[in-house]
Protein chains: 2
Amino acid sequence: MAVTLAEVAVRAGVSPATVSRVLNGGYPVAGDTRTRVERAVEELGYIANASARALAAATSDLVGILVHDIADGYFGILAGSLQGALDPAGGGEPRRLAVVCNTQGAPAAETAYLTLLEGQRAGGVVLTGAAAEDPEHTAALTLRVARMAAAGTRVVLCGRPPVPVPEALPVATVVFDDRGGAFRLAEHLLTLGHRRIAYIAGPPGRSTTRERLAGHREALRRHDPALPEACDALTVHAGFERSAGYDATRELLRRGEPFTAVAAANDTAAAGVAAALREAGLRIPEDVSVTGFDDLPFSQDTAPALTTVRVPLREAGALAAQLVTGRRPLPPGGITTLPTELMVRASTAPPPPARRTP
Amino acid sequence: MAVTLAEVAVRAGVSPATVSRVLNGGYPVAGDTRTRVERAVEELGYIANASARALAAATSDLVGILVHDIADGYFGILAGSLQGALDPAGGGEPRRLAVVCNTQGAPAAETAYLTLLEGQRAGGVVLTGAAAEDPEHTAALTLRVARMAAAGTRVVLCGRPPVPVPEALPVATVVFDDRGGAFRLAEHLLTLGHRRIAYIAGPPGRSTTRERLAGHREALRRHDPALPEACDALTVHAGFERSAGYDATRELLRRGEPFTAVAAANDTAAAGVAAALREAGLRIPEDVSVTGFDDLPFSQDTAPALTTVRVPLREAGALAAQLVTGRRPLPPGGITTLPTELMVRASTAPPPPARRTP
DNA sequence: CCCGATCCAGAAAGCGCTTTCCATCACTCG
DNA sequence: CGAGTGATGGAAAGCGCTTTCTGGATCGGG
């Protein structure tokens, strides 16, 4: 049906080998021969069969990216920037294709998609999202990653902890300074005068959850060694979704423990927090300050604009693209930490003078 | 390097053909033979080479989806739901892989990615986003779509106008009732008492832009035949991004034409509109009402919550998945229109009594 | 009890491309 | 002026899987 390389060869009056060489370069081909082949390709509208090429070359132009949910801004930005940077910028047709896999953070889905990608002999794979800190899954994952890397697939872990694979394998890790960001965010709250700070943590057993919580508590401790424990009753584990923030806040309100600020695990949950607070008749930031994390685009348009921590997702995506395509060499040690930045906006203010119980 | 089907065959003591048949079904294989093969597959950790399979079968498990920008909520939701519905729900490993391509709406990028997908012998392709209404590109696209469809690739156009291909080809179209939604949205504004309604349209030459504007103007006309023209001076074409809404609003404000409401082409632009308005000291909705379009998740968390039109993106993605995988037969005529729904929230209210010039 | 129908499984021919390994050919050097 | 040399292009062997095409058993009906 479709035009094949052999037909192009016939038309150009050369052998298939020559056509292949013209198309792929890396081999001397005389000027006029090349021209004849190119004209034949043009005239026939030849489009190379990627499967055949991948089979013969034992590697494909596919790059897999595992995300929790591509509809989530965090992953959307990461994946978008990744996809855009897969091929060298400026001029030239794209060549590499991004395969997006929603795992919802489920280990089983992660494994299943890795199998699929391994079957595709993907040129690279990027794993994003907070890894489930399940020893069994981690072990299985390490094996998979090592096997794929050994087979020539470049692997990049982005926003999740590195896996222990042999040094020589092409595996890189890009992480965010979540801990530092959370630390500065808590510091900001403390400086404003807050002491009873509620914390809506992410789902338990996730590296991101742990890092952010650790940074937060570290700041509290630095301020007053007894503070982390004092705030324990105000810490709840929820999810990264809006509804999780909403529900957790209602729960907090129900308990009756007084607080003057709520730090959410991320911006999305913070939106839910704010909604629950407003519903309860509390003003932000006059009665309660609210903070998020990630600095997703919408956080500047919430009511009020959200104080948060900027996570360089765009940069991370572009970096991951360079690493996964091999355009950038692996950093020594294989791991790159990207800085985060405190973004102070309108949702935080000093606590109310009379310490009301919300 | 990797385990091949032949090795599995040797281990199971059968021929490669039999292993293939066990793996793919559709051919009778005796019970014990099947068991032996399955055990061999298990023991060897065999993962089929997808390229080889695609080459032999002349079709791959890849489904391409072209979007303007996957980081944009509109496309993120569409693509996410699409990806999630590629494989039949409930149980079973995933099989199909979604290839996401950001085109930024550029015809050249669209063509380039279609070429890549054609080379991959993709099982299906979903084109989303407002199509550029460029006759030349439309013609080229029609050819491409027809050729891919003729080669067995299922094509679904989602949220963009159908292309004229022969009836028999597997090409489906899923569109939103943008016009109806815009109509009802304008009606809502008119009912509140607004007459001087600014309209921040999307980029010119896009089907979505045209449909939404048409519905809007139709409602105005229905109310008062002279109204569309009266509002012409208040209509500006911008983009679908936040900054476009922001800039357009500043421009509107600068012109000095009085208005009591601003309808933006979509939610994202509406966020920019609201920001510009607030910066100018205008209150929403007391001084100016604002409306969006799409009902992206963040629109309930803006200040104030945005009146908008819900576009069933999730449903569309799932539907597109069924169509592109062939799990759902093409509807007669090939085109499905999905309804939109007016969502009245806090950003719209009656115009201020004294008609101030903002 | 023989024969066509029914099951299963193997042999082998590709699918379309890449990539050695060779064969030329035109020169250039001694 | 013959052999060595580099630049080109062709032949052919796969890459790993699917899918006819065949053929040997097994089975039921006449």
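When reading the values below, keep in mind they use all heavy atoms of this one structure, side chains included, and skip hydrogens, waters and symmetry mates. Below, chains carry the letters A, B, ... as their sequence lines are ordered, and counting in each starts from 1.
Listed nucleotides D:dG9, D:dC17, C:dA9 differ in distance to A:A30; the shortest reach to its side chain belongs to D:dG9.
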Side-chain donor-acceptor pairs under 3.5 Å in residues 58-65 of chain B, sequence neighbours left out?
residue	atom	partner	partner atom	Å
B:S60	OG	B:L62	N	3.3
B:S60	OG	B:Q120	O	3.2
B:S60	OG	B:R121	O	3.2

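If A:N24 and B:G31 are placed on DNA chain C by their nearest nucleotide, the residue sitting closer to the 5' end is B:G31. With DNA chain C read from its 5' end, the first of the two nearest nucleotides for A:A6 and B:R34 is the one closest to B:R34.
No hydrogens or angles were tested; on distance alone, nothing pairs the side chain of A:Y27 with the base of D:dA7 as donor and acceptor under 3.5 Å.
Side chain of A:S81 to backbone of A:R314: a donor-acceptor contact under 3.5 angstrom is found.
Across all strands, A:A54 comes closer than 4.0 Å to no nucleic acid atom at all (heavy-atom distances). Residue-level contact check: A:S51 touches neither bases nor backbone, having no heavy atom under 4.0 Å from any strand.
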Subject >> Derivation of the side chain to side chain contact (heavy atoms under 4.5 Å, CB included) call for A:V175 and A:L157 >> reply: CA-CA 8 Å; A:V175 293; A:L157 298 147; over 6 Å; no

Original post:
Is there a side-chain hydrogen bond (donor to acceptor under 3.5 Å, both in side chains) between A:T115 and A:R144 once you walk through the steps?
Top reply: CA-CA 8 Å; A:T115 300; A:R144 299 300 286 259; 2.5 Å; yes

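Non-hydrogen atoms lying under 4.0 Å from DNA chain C are contributed by B:G13, B:V14, B:S15, B:A17, B:T18, B:R21, all within residues 10-21 of chain B. Remark: nothing in residues 36-47 of chain A comes within less than 4.0 Å of DNA chain D through any heavy atom.
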Show me the protein contacts with nucleotides 23-28 of chain C, counting only N or O atoms at under 3.5 Å.
none

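Residues meeting the ring-ring contact (aromatic ring centres under 6.0 Å, His included) test with B:F75, sequence neighbours left out: B:H68.
Considering all non-hydrogen atoms of both residues, B:A172 and B:L330 come closest at CB-CD2, 3.6 Å.
Summary for the helix from C:dC1-D:dG30 to C:dG30-D:dC1: the axes at its two ends, each from 5 pairs, differ by 40° when rounded to the nearest 10 degrees.
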